[in-house]
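Working notes for the structure below.
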Amino acid sequence: MTDPSPSPELPLPGELRVLLFAALRERAGWRERHLPVTGGITPAAVWEQLGLEPADAAATVRVAINQQFATWHSPLAGGDELAFLPPISGG
Amino acid sequence: MTDPSPSPELPLPGELRVLLFAALRERAGWRERHLPVTGGITPAAVWEQLGLEPADAAATVRVAINQQFATWHSPLAGGDELAFLPPISGG
Amino acid sequence: MAAPLLSIALEPGPFQPLQALERWHGQLRHRLGHLPAAESSFVGRVRPHSGAGVPLAALELEHYPGMTEAQLRQLAAAAADNPEVAAVLVRHRIGRVLPGEPIVLVAVAADRRGPAQRCCQELLEALKHEAPFWKREWLLDGSRQWLEGNTPL
Amino acid sequence: MAAPLLSIALEPGPFQPLQALERWHGQLRHRLGHLPAAESSFVGRVRPHSGAGVPLAALELEHYPGMTEAQLRQLAAAAADNPEVAAVLVRHRIGRVLPGEPIVLVAVAADRRGPAQRCCQELLEALKHEAPFWKREWLLDGSRQWLEGNTPL
């Protein structure tokens, strides 16, 4: 029932792994991408660099780094897993 | 485990049936008594008439007439079932 | 919406809360056609120690036959007085209850979690204070004492 | 008192809350030697209708593998941070869930009813808002829509 997608390439050492879920994944048309890490890069910069929508996502989209909630301005490093999480609806 | 007590006499028509429970029953040494109803009698008057303790019971003991909570000054009539209830501890 | 289904019973011997819930689910499926979206429940069991902290042999539950059942029904109806509450289950032990054995089971099925949780909690407090039950602690040496009131929340 | 026992699992297929509770009781008896005096639990099931009121074919639950389990564990530990809470059980469905099927089970065993009820309620709210799950409604005509948030309390 979820979109089938090929198993992604493994990230190269030092690359950033970016994940999208649910409505964000469907809107963007992809589930996972790998990016080279540049100095001082943040989730907000990655969002912009990947052209993700909406442009002002901070009000609705949450960020996780290495599977822990983080802020849009948390520092990122090579090897990190960065996820953008649309509004949660569990339980 | 509860005190065995002989099946009480049936009340005569027009008599008041008085019931005690738990600690009150044990303290008084009886479970059920029947009293003739006199005009204007109330639970407070019955309590006094039967010499029940403590004398100022209204703070801790509750009253039920015909299996519904009532007040110490509710009117009683022949055939009524009057119960004195020590502090409740259910659940 | 129809008045909530009330299933209320006193249990003179040991009972299994999960079996009681399973039978109740069967009744709800039969009466409502489905199980509601939210179900909140509570089970109370006898502690191994008295209020004073010494080992307990048993807890005796005395009640007022007739009035107890009527009060439980009235308290359940009052707590369930919300159009979103579909059904209420109450099981309450009487007689001699051993440490670890269930004393009380309250369950509420409703369309949303808020009413289910509130009704379950309110009904539990109500029956602890407004249904004519009395607990007596029996200790290992055969001594015993009536409790004056409930364990605090 | 020892840290509360946490039993947390995602369920990829239909599960029976009463069976899960029964197994948990067995674990508690084994680990604690007895069942605590107070047990509060909640079961959430899929409604037969969408939020917009049309018949639902299924609810799809997507999640973030790895983070979900870690978050549930963290939320359970935080909600159970009370010396009176002895154990917490969480079961949460993932995948395609049919109307009437259980989605979530939360149960808390504690020494008193207050902490059991509060912990159960807080943990349910926490996992609805802080664990990475996403619900998608599938209608009978095959159309589908991601939900933005939860049913109100």
Side-chain angles (χ1 to χ4, degrees), chain B residues 1-8 10-11 15-34 43 46-47 52-72 74 76-77 79-91, chain C residues 10 42-46 51 57-75 90-98 102-106 120-138 142 144-153:
Chain B
M1 217 159 60
T2 53
D3 305 3
S5 62
S7 191
L10 286 176
E15 272 190 339
L16 185 67
R17 189 178 174 197
V18 182
L19 303 176
L20 300 181
F21 288 94
L24 286 181
R25 170 176 49 73
E26 291 205 318
R27 200 184 306 148
W30 53 269
R31 180 188 295 276
E32 173 165 352
R33 287 211 176 157
H34 302 147
V46 172
W47 185 267
L52 292 165
E53 304 219 324
D56 57 341
T60 55
V61 176
R62 292 170 79 176
V63 163
I65 299 175
N66 298 327
Q67 308 195 349
Q68 296 277 350
F69 287 117
T71 75
W72 283 84
S74 300
L76 289 162
D80 278 354
E81 177 175 300
L82 167 63
F84 293 109
L85 313 177
I88 279 172
S89 56
Chain C
L10 298 178
F42 180 86
V43 178
R45 293 185 174 85
V46 177
L59 198 63
E60 177 190 351
L61 273 148
E62 180 168 331
H63 76 121
Y64 184 170
M67 181 171 175
T68 311
E69 294 88 333
Q71 265 303 100
L72 288 178
R73 189 159 291 275
Q74 209 167 304
L75 297 170
V90 177
R91 293 289 177 269
H92 201 297
R93 267 301 301 276
I94 51 177
R96 183 183 171 89
V97 195
L98 301 181
I103 311 177
V104 64
L105 163 65
V106 176
C120 185
Q121 240 166 292
E122 284 173 18
L123 180 50
L124 182 67
E125 291 313 302
L127 68 82
K128 280 180 173 279
H129 299 105
E130 301 295 326
F133 290 109
W134 298 277
K135 284 181 187 146
R136 176 154 60 170
E137 293 180 341
W138 289 69
R144 50 202 194 265
Q145 177 146 27
W146 292 102
L147 296 183
E148 305 261 314
N150 277 296
T151 316
L153 251 180

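Both backbone and side-chain heavy atoms feed into the values below; hydrogens, waters and symmetry mates do not. In what follows, every chain begins at residue 1, and chains take the letters A, B, ... in the order their sequences are listed.
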query: Taking the side chain as C-beta and beyond, is there a heavy-atom pair between C:Met67 and B:Glu81 under 4.5 Å?
result: no
Contact origin within [X] toward chain B - heavy atom pairs under 4.5 Å:
X: C:Glu125; value: neither
X: C:Ala131; value: backbone
X: C:His92; value: side chain
X: C:Leu127; value: both

- request: Answer with side chain, backbone, both or neither: which region of B:Ala64 has an atom nearer than 4.5 Å to a non-hydrogen atom of chain C?
  value: side chain
- request: Measure the acute angle between the ring planes of C:Trp134 and B:Phe21, then classify it against the limits of 30° and 60° as parallel, tilted or perpendicular.
  value: parallel
task: Would you mind telling me which of C:Phe42, C:Phe133, C:Tyr64 has the largest number of heavy-atom pairs within less than 4.5 Å of chain B?
output: C:Tyr64
field: chain C neighbours within residues 84-91 of chain B, where any heavy atom lies under 4.5 Å away
entry: B:Leu85, B:Pro86, B:Pro87, B:Ile88, B:Ser89, B:Gly90, B:Gly91
message: To the nearest 0.5 Å, what is the distance between CD on C:Gln74 and CD on B:Gln68?
response: 5.0 Å
- request: For residues 53-65 of chain B, pull every pair meeting salt bridge (charged side-chain N to carboxylate O under 4.0 Å, His left out), keeping only residues two or more places apart or in separate chains.
  value: B:Arg62-C:Glu130
